[in-house]
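Naming convention: chains lettered A, B, ... in sequence-line order (proteins, then strands); numbering from 1 in each chain. None of these values were measured; they are calculated from a predicted model. Computation of the quantities below employed the complete heavy-atom set of this structure, encompassing side-chain atoms and omitting hydrogens, waters and symmetry-equivalent molecules.
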Amino acid sequence: MFTHERQAVEQHIRAYCAAQALPEVGELTWSPVPFSGEWGISTSFFQLAATRARQLAASGERVNVAQLAQEIASGIAAHLGAPTGFSHVEAVRGYLNLYYSTAEYSQRVVDTVLAQGIDFGKGSPKNERIMVEYAQPNTHHSFHIGHHRNAVLGEALSRLVEFAGFETIRASYPGDIGLGVITVVWAYNKFYRGQEPEGIHERGQWLLKIYVEATNLLEPHEGETAAEKAQREAYDAERRDVYRKWDEGDPEIRQLWEMTREWSLEELRAILRLIGVPIDVWFFESQMDTPAKAIVDELIQRGIADDERASGGAVIVRIDEKLGLKKEKYRTNVLLRSDGTTLYLTKDLALAKVKFEQYHVDRSLYVIDVRQSLYMQQVFKILELWGFHQAEKSYHLGYGFVSLPEGAMSARRGRVVSFMEVANEAFRRVQAVITEKNPELPEAERRLVAEQVGLGALAYAMLAVDNNKDIVFEMDAALNFDGHTAPYIQNAHVRANSILKKAGSLPGEAVFDYALTSHEIELIDLISRFPATVQQAALEYKPLSIASYAYDLAKAFHSFYHVVPVVQTEQESIRFARLRLVAAARQTLANALRLLVIQAPDVM
RNA sequence: GCCCCCGUAGCUCAAUGGACAGAGCAAGUGCCUUCUAAGCACGAGGUUGUGGGUUCGAAUCCCGCCGGGGGCGCCA
């Protein structure tokens with residue numbers, strides 16, 4: 001908006017500087033004027049003044065940079081007068097502030113939002129394809145709140161980059177094989193065959209219980225007797241035998257594995273559907289073993305990997321050495337065990353190759369635990385050595401772990417917070433609040449809204465904190481619906497909606513040629529910033545920026561709602577303008593919430 | 001030993017080179033015959049861990065130190 005007018009002003013500024021024999025103006029960066037009450041764009045002249053000061057210093061003249069910047073800004077302000085599209089211009093402390101014409105700007109913002117609707121804020125196509133890999137829990141475990149953080153962060157990132165203009169593919173990569181998985185298959189077969197409970201979530205959580213009990217049987221205990229030790233070792237031998245049979249493709253073991261695996265995947269798909277995560281492509285770790293073996297020889301031949309098998313060693317990549325680094329930074333990682341089996345790294349490299357070659361991905365994003373930072377850097381560097389230029393644009397969005405107030409979660413000890421338990425508790429509490437606040441709402445609708453609000457609260461708790469930071473999950477805090485939370489934002493949407501419902505119909509157009517209150521100005525200002533916020537957040541891969549923005553917008557709307565009458569406004573032209581503003585605010589809130597994987601209810 | 005992340009109000013967190021460092025929670029005061037009080041308004045709370053440096057300008061960039069967390073060739 002107002003791009004044309006801004007460019008005209010830039011031309012005037014350049015012409016002025018040339019005429020005054022000032023140094024060349026570089027790229028002019030504009031930001032919103034940070035004061036409330038009016039709005040406009042601002043740029044500063046400190047750079048220019050500093051350059052000029054250095055020139056003058058060469059001839060022995062000393063000047064104060066801040067003062068000079070202010071002089072330049074004032075000179076330009078006087079030169080500009082009242083440019084088209086702006087009501088007035090001022091120079092303050094080295095900054096040049098251009099204020100928009102209130103009526104024109106308001107109308108343009110509101111009309112744009114209402115014309116574009118759900119697309120308001122959407123960026124133009126970037127002609128680049130992004131694949132986001134997230135939602136990679138191991139199968140044979142139940143979905144816990146750490147997985148939830150991963151899934152919500154990944155989905156928010158996907159929606160963000162997609163909305164910003166990137167073609168986006170959502171990929172899930174569950175770990176469906178490995179010692180942990182085999183442990184469950186062994187224990188199920190030996191102790192629990194046919195005892196699985198009904199119900200998708202019950203069965204998913206039951207698998208975790210088996211895992212915990214099996215781990216207990218297989219781990220050494222303090223002061224164990226010789227008989228206990230023998231028993232434990234016998235169990236471990238059985239488990240190893242199951243793994244060997246799986247590897248050989250033993251039909252019975254494979255069938256057990258597939259059945260139990262499917263129970264986990266059923267639970268995973270149900271939860272992803274519930275929280276709004278539509279995965280496009282499923283990769284499975286078990287399917288990457290063969291492709292992984294296939295890339296090893298290629299990496300050896302290209303001189304990237306070193307084969308030390310002849311001396312009883314493994315196939316390794318000395319990353320620093322291959323990059324020509326003198327100090328250790330990326331270190332060394334193993335590509336193939338000395339027994340010839342693949343590792344996680346091998347499969348990840350093979351999968352990356354598939355993403356680049358078969359899916360033609362330009363940017364590969366990974367939402368993975370921040371503790372794997374070094375590992376991810378190793379993957380990217382090996383891909384670079386391998387010749388995949390896309391690796392430079394690949395990105396690891398790490399996130400901190402979710403822990404309980406009493407300590408870290410541990411799947412092995414069964415100390416996990418099940419996502420469904422938390423979600424159900426949230427639904428119960430929200431329903432209780434709705435019953436109290438809005439008793440007329442029919443039961444069926446109440447349930448639906450409770451789900452939208454409960455899930456929203458959980459999602460927002462995961463997104464409103466910097467991804468690098470750990471979250472100590474406290475049920476009470478997450479379900480506290482006051483303050484900086486999703487329900488606060490959702491309620492702003494509900495209030496906007498109830499005004500519009502009360503008004504009946506939305507005027508097709510309106511002008512803003514009356515004296516706007518500061519609340520209206522603040523609201524319009526925030527709405528107008530949404531498209532730029534989306535672009536910046538997407539390029540930084542930072543859903544948090546949207547979470548902050550949505551909160552600010554909701555806060556501005558709540559203030560507006562409290563002070564400024566809409567439906568009760570007597571003068572029709574003002575009422576029309578305010579109704580359209582409310583509709584624009586509702587739309588923008590909905591669009592922002594959608595990027596955060598949070599639903600915008602009409603009532604609550 | 002080396003690498004990464006973090007240190008901001010009593011607590012939880014924003015702000016990554018620009019104007020007076022902002023929110024929420026907690027504690028305090030006021031506001032429901034008015035579009036839903038899951039709300040609004042008003043105060044209070046800060047040498048941005050610390051010492052240097054770069055810059056016209058630093059919470060932000062660089063170096064040292066202190067404190068916390070994480071990681072480092074056959075786990076995933």
Side-chain angles (χ1 to χ4, degrees), chain A residues 29 31 33-35 42-51 53-54 63-69 92-95 97 136 138 175 177-180 285 308 313-319 327-339 341-345 347-348 368-375 377-378 398 400-401 430 433-434 436-438 453 464-466 468-472 474 477 480-485 487-488 490-492 494-503 540 544-545 547-548 551-552 555 558-569 578 582 603-604:
Chain A
T29 53
S31 55
V33 177
F35 310 113
S42 172
T43 192
S44 70
F45 294 94
F46 297 109
Q47 294 285 4
L48 191 66
T51 309
R54 273 190 290 273
V63 291
N64 180 303
V65 170
Q67 208 178 325
L68 182 56
V92 185
R93 303 175 67 177
Y95 288 84
N97 297 331
Q136 333 83 325
N138 287 339
I177 190 58
L179 194 60
E285 201 182 333
E308 300 183 339
V315 179
I316 62 170
V317 185
R318 294 192 178 90
I319 305 169
K327 276 181 68 176
E328 61 174 356
K329 170 112 179 146
Y330 301 103
R331 300 166 181 275
T332 298
N333 210 338
V334 176
L335 205 53
L336 204 62
R337 287 190 187 93
S338 42
D339 66 2
T341 54
T342 63
L343 288 111
Y344 197 71
L345 173 68
K347 295 169 191 159
D348 245 340
I368 300 182
D369 193 319
V370 72
R371 284 172 292 189
Q372 303 201 31
S373 290
L374 173 61
Y375 169 77
Q377 296 311 307
Q378 291 177 327
F401 59 84
V430 177
V433 176
I434 297 174
E436 183 198 327
K437 303 281 180 188
N438 193 358
V453 175
V465 184
D466 188 275
N468 278 316
K469 290 202 164 142
D470 293 342
I471 293 176
V472 177
E474 290 177 63
N480 181 0
F481 299 141
D482 296 326
H484 192 195
T485 64
Y488 176 88
Q490 290 171 314
N491 189 39
V494 167
R495 287 176 136 185
N497 190 62
S498 79
I499 291 175
L500 296 167
K501 202 163 56 186
K502 188 134 192 161
E540 292 176 353
L544 169 63
S545 300
S548 300
Y551 176 77
D552 291 341
K555 192 174 169 59
H558 278 303
S559 297
F560 163 87
Y561 177 90
H562 191 73
V563 173
V564 183
V566 180
V567 177
Q568 290 105 327
T569 303
R578 286 181 176 161
V582 169
V603 287
M604 63 191 274

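- Residues that satisfy the side chain to side chain contact (heavy atoms under 4.5 Å, CB included) test with K502(A), not counting sequence neighbours, are V567(A).
- Looking at V603(A) and K501(A), their side chains come closer than 4.5 Å, going by heavy atoms from C-beta outward.
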Can you name the atoms? Protein N/O to nucleotides 30-32 of chain B N/O, anything below 3.5 Å, with the distance.
none

**Report entry** Contact letters for nucleotides 55-62 of chain B, in which S counts primed atoms plus P, OP1 and OP2 and B counts the base, heavy atoms under 4.0 Å
**Finding:** -B------
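- Residues forming a salt bridge (charged side-chain N to carboxylate O under 4.0 Å, His left out) with R495(A) (at least two apart in sequence, or on another chain): none.
- Picking from U36(B), A19(B), C3(B) the nucleotide with the shortest atom distance to the side chain of V92(A) gives A19(B).
- The side chain of K327(A) lies closest to C2(B), out of A38(B), C2(B), G71(B).
- The side chain to side chain contact (heavy atoms under 4.5 Å, CB included) search around K437(A) returns V433(A), not counting sequence neighbours.
- For I368(A), the side chain to side chain contact (heavy atoms under 4.5 Å, CB included) partners are E133(A), Q136(A), Y366(A), Q372(A), M376(A), H396(A), not counting sequence neighbours.
- For Y561(A), no side-chain nitrogen or oxygen approaches OP1 or OP2 of A41(B) to under 4.0 Å.
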Report task. Whenever both distances are under 3.5 Å in a Watson-Crick or G-U wobble pair, mark it; put RNA chain B into dot-bracket that way, with [ ] for crossing pairs and | when the partner is on another strand. Result -> (((((((..((((....[...))))..((((.......))))......(((((..]....))))))))))))....
Is there any protein nitrogen or oxygen under 3.5 Å from a nitrogen or oxygen in nucleotides 74-76 of chain B, and what are the pairs?
from, atom 1, to, atom 2, distance (Å)
C74(B), O3', R337(A), NE, 3.3
C74(B), O2', R337(A), NE, 2.9
C74(B), O2, S338(A), N, 2.8
C74(B), O2, S338(A), OG, 3.3
C74(B), N3, S338(A), OG, 3.4
C75(B), OP2, R337(A), NE, 3.4
C75(B), OP2, R337(A), NH2, 3.4
A76(B), OP1, R337(A), NH2, 3.4
A76(B), O3', E285(A), OE1, 3.1
A76(B), O3', E285(A), OE2, 3.2
A76(B), N1, Q372(A), OE1, 3.2

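- Under the salt bridge (charged side-chain N to carboxylate O under 4.0 Å, His left out) criterion, D552(A) pairs with no residue at all, not counting sequence neighbours.
- Counting heavy atoms from C-beta on, the side chains of F45(A) and T43(A) come closer than 4.5 Å.
- Side-chain proximity of V566(A) to the nucleotides C5(B), C35(B), U36(B) is greatest for C35(B).
- For D339(A) and R337(A), the salt-bridge test fails: no basic side-chain N is under 4.0 Å from an acidic carboxylate O.
- OP1 or OP2 of U36(B) has not a single side-chain nitrogen or oxygen of K437(A) nearer than 4.0 Å.
- K501(A) comes within contact range of no nucleotide atom at all, as no heavy-atom separation falls under 4.0 Å.
- Dashed line: the shortest gap from a side-chain N or O of S373(A) to OP1 or OP2 of C4(B) is not under 4.0 Å.
- Position along RNA chain B of the nearest nucleotide to P565(A) versus G483(A) favours G483(A) as the more 5'-ward residue.
- No contact: V370(A) has no heavy atom under 4.0 Å from any strand.
- Judged as a side chain to side chain contact (heavy atoms under 4.5 Å, CB included), and not counting sequence neighbours, the contacts of V563(A) are H519(A).
- Residue side chain S42(A) reaches the base of A19(B) through a donor-acceptor N/O pair under 3.5 Å, judged by distance alone.
- Here L48(A) contributes atom CG and L68(A) contributes atom CG; the two are 7.5 Å apart, rounded to the nearest 0.5 Å.
- Remark: F560(A) pairs with F557(A) by the ring-ring contact (aromatic ring centres under 6.0 Å, His included) rule, at least two apart or across chains.
- A straight line from NE2 of H558(A) to P of A23(B) spans 16 Å, rounded to a whole angstrom.
- Among the nucleotides C40(B), G71(B), G24(B), the one closest to the side chain of S559(A) is C40(B).
- The nucleotide whose nearest atom lies closest to any side-chain atom of R371(A) is, among A38(B), C35(B), G70(B), G70(B).
- Side-chain atoms of V453(A) and V430(A), non-hydrogen and from C-beta on, do get closer than 4.5 Å to each other.
- RNA chain B is contacted by both T332(A) and K502(A); K502(A) maps to the nucleotide lying nearer its 5′ end (nearest heavy atom per residue).
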Might you list the N or O atoms of the protein lying below 3.5 Å from N or O atoms in nucleotides 11-16 of chain B, with each pair's distance?
from, atom 1, to, atom 2, distance (Å)
A14(B), OP1, D466(A), N, 2.6
A14(B), OP2, K469(A), NZ, 2.6
A15(B), OP1, K542(A), NZ, 3.0

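- As judged by a 4.0 angstrom heavy-atom cut-off over every strand, V564(A) is placed among the base-contacting residues.
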